[in-house]
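Quick notes on the structure that follows.
Chain A is the first sequence line, chain B the second, and so forth, proteins listed ahead of strands; every chain is numbered from 1. Just so you know, these numbers use all the heavy atoms, side chains as well, and skip hydrogens, waters and symmetry mates.
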Number of protein chains: 2
Amino acid sequence: MLETASSLFYRHGVRSVGVDLVVLEAGVAKTSLYRHFRTKDDLIAAFLEREDADFWGGWDRVAARHTDDPMAELEAHLDWIGERVARPNYRGCPQLNVAAEFPQTDHPARKVAAAHKREFRRRLRGIAERLGASRPDELAGQLSLLINGAFVSAQVLGPGEATPLLKATARALIAASKTA
Amino acid sequence: MLETASSLFYRHGVRSVGVDLVVLEAGVAKTSLYRHFRTKDDLIAAFLEREDADFWGGWDRVAARHTDDPMAELEAHLDWIGERVARPNYRGCPQLNVAAEFPQTDHPARKVAAAHKREFRRRLRGIAERLGASRPDELAGQLSLLINGAFVSAQVLGPGEATPLLKATARALIAASKTA
DNA sequence: CACGACACAAACAGGTCTGTATCGATCAGG
DNA sequence: CCTGATCGATACAGACCTGTTTGTGTCGTG
């Protein structure tokens with residue numbers, strides 16, 4: 001059920017998918033949905049938590065293959081992210097999409113999204129430290145801007161452009177982070 | 001009327017603002033609104049066109065002060081953008097927000113947003129060429145990712161962090177664009 | 001077998017949405 | 001002063017939304 005809702009929410013946007021469509025597509029009764037999720041807002045938050053877990057699952061799988069080489073790890077992450085962004089049905093980062101759909105920062109889903117982006121920057125800072133950047137938090141911020149930019153720029157990027165652009169940019173930023 | 005609609009749309013999101021609220025706030029009749037805009041979708045497209053014109057108005061005003069120094073022009077743009085992003089009521093780039101709210105790429109407002117982002121990259125390429133980058137289109141793509149990333153990362157950036165982060169990143173990218 | 005927890009189905013309540021229709025007021029030009 | 005165009009106000013149509021209620025079935029466990 002949550003999987004069906006997640007797929008619908010991601011493809012068509014959270015606000016344009018009603019609970020009636022979710023229960024129809026999932027083949028469950030509306031009472032069942034409301035037993036597991038108190039409100040639709042809770043369902044949206046659960047959707048983002050699921051996406052969050054999926055994202056870090058993929059991240060950790062990549063990171064585990066490069067425990068001793070932070071540069072290789074970062075490039076592997078950018079490969080993976082660039083490939084995902086270039087997919088034909090890519091519709092942007094779900095966390096950013098939901099944040100754009102709900103301006104209220106106290107919405108339960110917004111809290112999930114904010115935590116996700118904080119964690120994202122935290123992990124980038126870890127890599128920046130291991131890379132020996134002189135100001136790791138600055139490098140993490142730069143990489144965070146870069147990758148979030150890629151998430152929202154899929155439409156304007158040419159096919160296959162994302163990955164090389166991400167990697168070239170990251171290399172330039174890392175080189176600069178050591179000289180200063 | 002369009003100004004009222006634009007303010008409401010930007011602050012609360014397009015989908016959560018109904019035409020009834022627009023006409024109430026604008027002090028006009030709904031018949032008048034529908035005389036000037038055939039549908040709400042047309043009103044949304046007009047909202048983005050207005051934002052587009054405003055954005056390039058500000059851009060051109062900045063550019064006019066630095067016609068002979070592309071580096072100074074870019075830094076001035078980043079100053080202006082960073083300041084805007086750091087404002088307390090900043091709610092992201094309206095073009096990106098609407099794109100996130102409407103997955104259908106054939107929505108009239110999506111066409112305005114796509115054209116805006118193409119124009120954005122086109123102008124950045126002009127600056128990259130004048131800067132003497134060896135691959136100006138690549139540098140423009142990098143700067144485009146960077147700035148769009150800043151647009152969506154306002155929530156996660158610390159106060160006053162945006163501008164120095166943007167400028168430091170741009171300098172690193174420009175330095176790298178000349179050596180390669 | 002019996003019971004309780006959970007499932008589906010379907011109707012409903014109360015509200016909101018876009019877009020239209022109707023009516024009266026105002027105002028400018030001939 | 002008359003006519004026509006534009007405006008505001010209001011009610012309405014028809015659809016959609018979230019969430020609840022009611023009733024019926026079904027399954028696993030004691």
Provide, to the nearest angstrom, the distance between the NE2 atom belonging to A:His36 and the P atom belonging to C:dC6. 9 Å
Quick one: A:Leu33 CG to C:dA9 P, roughly how many Å, whole number? 14 Å
At a heavy-atom distance below 4.0 Å, what parts of residues 9-31 of chain B sit against DNA chain D? B:Gly27, B:Val28, B:Ala29, B:Thr31
Would you please classify the geometry between the A:Trp59 ring and the A:Phe120 ring as parallel, tilted or perpendicular, with 30° and 60° separating the classes? perpendicular
Any A:Leu96 side-chain heavy atom under 4.5 Å of A:Lys117 side chain: yes
Should the heavy atoms of other residues, nucleotides or ligands under 6.0 Å from CZ of B:Arg11 be counted, would the total exceed 12? yes
Quickly work out the B:Asp41 CG to C:dC17 P distance and round it to whole Å. 15 Å
Hey, where on DNA chain D does chain B first and last touch, going 5' to 3'? Cut-off is any atom under 4.0 Å from a heavy atom. D:dC7 to D:dA9
Salt bridge (Lys or Arg N to Asp or Glu O under 4.0 Å) against A:Arg130, all qualifying residues, sequence neighbours excluded: A:Glu73
Side chains of B:Glu25 and B:Thr4: any donor to acceptor distance under 3.5 Å? no
Partner of B:Leu143 under side chain to side chain contact (heavy atoms under 4.5 Å, CB included), picked from B:Leu78, B:Leu124, B:Leu166, is B:Leu124
Side-chain touch A:Glu3/A:Arg50, heavy atoms, less than 4.5 angstrom: yes
I want to check something: taking the side chain as every heavy atom from C-beta on, are B:Ile44 and B:Pro108 in contact at a cut-off of under 4.5 Å? no
